[in-house]
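Below: the structure, in structure tokens.
No hydrogens, no waters, no symmetry mates; every other heavy atom, side chains included, goes into these values.
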Amino acid sequence: VLFKMAYRTLSDHERSYITRGVQEDIRADGRGCIDYRHFELCTGVVSNTSGSAEIKLERTNITVGVKAEIGNPLPLQPNRGRIEFFVDCSALASPEFQGREGEGLGQHLAYRLSEIYQNSRCIDLESLSIIPGQQCWILYVDALVMEIIFCCMES
């Protein structure tokens, strides 16, 4: 597993370093506490989708396309539409994605995105129902990680 979160206690020096950084309004990379990294966002970048976007954050580049199709609701959620995620971590994006490593991370990210959107109020899934129990909108969200710098994933 590439990115398993480790929970550990901070040492006194680590805690002091973080606290001093907040007090002095500076991060390890020189930005202030409320400064953000420059990013670029372009929409409509993939022509055969219902919507798409490309985001660049430093040397991280991800393209996302969304297709909306009519389908059947899940039996246990007859009054809700669905969102399905697929994340492809290109082997060209990072040496860490060589072999099957990128596939594992992509599956993990797709699972986490699905979990977040199914259990939050970001999108009202009931509004995607067309005929309860028979038809609903299914949103297919495909993300392609074309380039990534891992420190950005922690930001």
Side-chain angles (χ1 to χ4, degrees), residues 1-10 14-15 18 21-22 27-29 31 33-130 132-133 135-155:
V1 177
L2 279 177
F3 296 100
K4 186 172 183 176
M5 295 295 291
Y7 296 98
R8 63 180 181 88
T9 305
L10 295 175
E14 290 169 317
R15 191 177 354 272
I18 293 168
V22 171
R27 298 186 201 187
D29 64 2
R31 291 181 292 138
C33 290
I34 61 171
D35 294 338
Y36 60 90
R37 289 186 171 97
H38 173 76
F39 68 92
E40 295 176 30
L41 178 67
C42 299
T43 59
V45 296
V46 182
S47 62
N48 62 344
T49 63
S50 302
S52 62
E54 178 180 30
I55 187 159
K56 295 178 182 180
L57 174 66
E58 293 182 353
R59 288 181 36 216
T60 297
N61 186 349
I62 301 172
T63 299
V64 177
V66 179
K67 284 190 176 185
E69 294 182 2
I70 295 175
N72 299 321
L74 297 173
L76 296 177
Q77 299 174 334
N79 300 326
R80 298 176 75 183
R82 303 192 330 240
I83 303 176
E84 297 185 8
F85 293 92
F86 176 77
V87 179
D88 180 13
C89 297
S90 169
L92 300 174
S94 172
E96 284 87 354
F97 295 164
Q98 298 298 319
R100 299 188 68 97
E101 293 299 321
E103 185 179 317
L105 177 60
Q107 289 172 350
H108 174 75
L109 292 173
Y111 172 78
R112 293 293 294 148
L113 286 166
S114 182
E115 189 175 58
I116 290 166
Y117 279 91
Q118 297 298 326
N119 298 314
S120 72
R121 296 178 190 221
C122 294
I123 296 177
D124 179 10
L125 296 177
E126 288 183 6
S127 71
L128 299 176
S129 178
I130 300 170
Q135 288 186 330
C136 68
W137 286 106
I138 303 172
L139 304 179
Y140 296 98
V141 181
D142 295 323
L144 173 60
V145 179
M146 296 185 290
E147 185 176 8
I148 193 163
I149 302 301
F150 287 105
C151 63
C152 292
M153 293 182 69
E154 300 169 358
S155 302

For residues [X] and [Y], report the shortest heavy-atom separation together with the two atoms involved.
X      : Y      : result
Pro78  : Ser129 : O-OG, 4.3 Å
Gly21  : Cys33  : O-SG, 3.9 Å
Gly65  : Ser52  : CA-CB, 4.0 Å
Ala110 : Val87  : N-CG2, 3.8 Å

Fill in: Sub-4.5 Å side-chain heavy-atom contact between Asp142 and Asp88
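Contact flag for Asp142/Asp88 side chains = no.
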Worksheet item: Considering only heavy atoms from C-beta outward, does the side chain of Leu74 approach that of Arg80 to under 4.5 Å?
Response: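 SC-SC contact between Leu74 and Arg80 ruled out.
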Side-chain donor/acceptor pairs under 3.5 Å, residues 41-50, sequence neighbours excluded:
residue : atom : partner : partner atom : Å
Thr49   : OG1  : Val46   : O            : 3.0
Thr49   : OG1  : Gly51   : N            : 3.4
Thr49   : OG1  : Gly51   : O            : 3.1
Ser50   : OG   : Ala68   : N            : 3.1

Discussion item. For Lys67, is there an ion pair with Glu69 - N to carboxylate O distance below 4.0 angstrom?
Written reply: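 No, no charged N to carboxylate O under 4.0 Å.
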Worksheet entry | Asp29/Arg27 salt bridge by N-O under 4.0 Å criterion |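 Not counted as a salt bridge, because no side-chain N and carboxylate O are separated by less than 4.0 Å.
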Rounded distance (nearest 0.5 Å) linking atom [atom1] of [X] with atom [atom2] of [Y]:
X      : Y      : atom1 : atom2 : answer
Ile83  : Leu113 : CD1   : CG    : 10.0 Å
Asn72  : Cys136 : CG    : SG    : 7.0 Å
Asn61  : Leu144 : CG    : CG    : 8.5 Å
Ile62  : Lys56  : CD1   : NZ    : 12.5 Å
Tyr117 : Leu125 : OH    : CG    : 11.0 Å

Item to complete: Before giving the answer on side chain to side chain contact (heavy atoms under 4.5 Å, CB included), spell out for Arg82 and Gln77 the whole-Å C-alpha distance, their side-chain angles and the decisive distance to 0.1 Å.
Response: CA-CA 9 Å; Arg82 303 192 330 240; Gln77 299 174 334; 5.7 Å; no
Discussion item. Surrounding CZ of Arg112 (heavy atoms of other residues, nucleotides or ligands, distance under 6.0 Å), is the total greater than 12?
Written reply: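 Atom CZ in Arg112 is not packed in, count stays at 12 or less.
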Item to complete: Could you walk me through whether Val141 and Phe86 pass the side chain to side chain contact (heavy atoms under 4.5 Å, CB included) test, one step at a time?
Response: CA-CA 6 Å; Val141 181; Phe86 176 77; over 6 Å; no
